[in-house]
Amino acid sequence: MTSLLILNGPNLNLLGTRQPEVYGRTTLADVRAICEAEARDHGMTIAFEQSNHEGALIDLIHAARGTHAGIVLNAGAYTHTSVALMDAISSASVPLVEVHLSNIHAREAFRHRSFIAPVALGQICGFGATGYALAIRALAAHLAHEPGDTDG
Ligand code: DHK
């Protein structure tokens, strides 16, 4: 069965209690359940991971090659800083959708820039946990139409 990696970066382990006015009350366990249900609807399985460490996220992206057909990535604050994550995504050549719970373009200027966006199929932000389900749906459609195409 097709497998997707759902990867969450720094501070997302605190979802539900962290700045609920920005990120909502949904916990990371809730996000996982949403992802599992959406993947099941598309006949896919998921691996769900979170790390506060840039290198650990890079290792998981490298390991996705040959293991997972696609990646949903919320890189948290590394989105705005990490050339290393961008390079890892380019190197792994696994189709990836970038997700953010909040609308990063409606927030501070430093959040408007994403190092992930240029190497992603697309970006979904501002819809809370629903964005993860939308990203899985987008990957399912991408894989159905262009299973060997990793650059959109
Ligand atoms: C999560 C974070 O931790 C922030 O650093 C990003 C993102 C936005 C989110 O909305 O999911 O700027």
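- When all heavy atoms are compared, the tightest approach of His112 to Ala106 is NE2-N, 4.4 Å.
- Screening Leu73, Leu85, Ile58 for a side-chain contact (heavy atoms from CB on, under 4.5 Å) involving Tyr78 leaves a single residue, Leu85.
- A single hydrophobic cluster is seen to contain both Ile6 and Leu143, as judged by linkage of ILVMFWY side chains at heavy-atom distances under 4.5 Å, directly or through other members.
- Atom CZ of Arg111 has more than 12 heavy atoms from other residues, nucleotides or ligands within 6.0 Å.
- Across Ala75 and Pro10, no two heavy atoms sit closer than the pair O-CD, 3.4 Å.
- For Asp30 (side chain) and Thr27 (main-chain N/O), a donor-acceptor pair under 3.5 Å exists by modelled atom type.
- By the rule that hydrophobic residues join a cluster once side-chain heavy atoms approach within less than 4.5 Å of another member, Tyr132 and Tyr23 end up as members of one cluster.
- Hydrophobic clustering of Ile, Leu, Val, Met, Phe, Trp and Tyr side chains at less than 4.5 Å, counting indirect connections, unites Leu139 with Leu134.
- With a 4.5 Å cut-off on side-chain heavy atoms, Glu49 and Leu5 count as touching.
- Under the 4.5 Å side-chain criterion, counting only non-hydrogen atoms from C-beta, Asn8 is in contact with Phe48.
- In this structure, Val31 and Ala129 approach most closely via the heavy-atom pair CG2-CB, 4.1 Å.
- For the pair Asn52/Gln50, a side-chain contact is recorded, criterion being any heavy-atom separation below 4.5 Å from C-beta on.
- Just one of Ile124, Ile116, Ile136 meets the side-chain contact (heavy atoms from CB on, under 4.5 Å) condition when paired with Val97; it is Ile124.
- A donor and an acceptor atom, one from each side chain of Ser90 and Asp87, are nowhere located under 3.5 Å apart.
- For the residue pair Glu54 and Ser82, a side-chain donor N or O sits within less than 3.5 Å of a side-chain acceptor on the partner.
- Taking both residues in full, the closest heavy atoms of Val99 and Ala135 are given as CG2-CB, 3.5 Å, listed atom of the first, atom of the second, then distance.
- Rounding to the nearest 0.5 Å gives a distance of 13.5 Å between OG1 of Thr2 and CD1 of Ile46.
- Side-chain contact between Val22 and Arg107 is present, with heavy atoms from C-beta onward closer than 4.5 Å.
- The number of heavy atoms from other shown groups lying within 6.0 Å of CZ (Arg18) is above 12.
- For the pair Leu101 and Thr26, the minimum side-chain heavy-atom distance is 4.5 Å or more.
- In this structure, the side chains of Arg40 and His42 stay at 4.5 Å or more apart for every pair of heavy atoms.
- Distance check, rounded to the nearest 0.5 Å: CZ of Arg137 to CD of Glu38 gives 7.5 Å.
- Between His80 and His100, the ring planes are parallel. Angles under 30° get that label, and only those over 60° would be called perpendicular.
- Across Ser102 and Cys125, no two heavy atoms sit closer than the pair O-CB, 3.3 Å.
- Side-chain N or O atoms of His68 include none that pairs as donor or acceptor with a backbone N or O of Ala64 at under 3.5 Å.
- Side-chain contact check for Leu15 versus Leu12: some heavy-atom pair is nearer than 4.5 Å.
- Looking at Val72 and Cys35, their side chains never come closer than 4.5 Å, going by heavy atoms from C-beta outward.
- Follow the hydrophobic side-chain contacts under 4.5 Å out from Val119 and you reach Ile71 in the same cluster.
- A salt bridge is defined here as a Lys NZ or Arg NE, NH1 or NH2 lying under 4.0 Å from an Asp or Glu carboxylate O, and Arg32 with Glu36 meets this definition.
- Rounding to the nearest 0.5 angstrom, the gap separating the CD atom in Gln123 from the CG atom in Leu96 is 11.5 Å.
- Closest approach of Met44 and Ala140 over heavy atoms only: CE-CB, 3.8 Å.
- No hydrogens or angles considered: nothing links the side chains of Arg65 and Ser93 as a donor-acceptor pair under 3.5 Å.
- Side-chain heavy atoms closer than 4.5 Å link hydrophobic residues (I, L, V, M, F, W, Y) into clusters, and following such links, possibly through other members, connects Val83 to Ile61.
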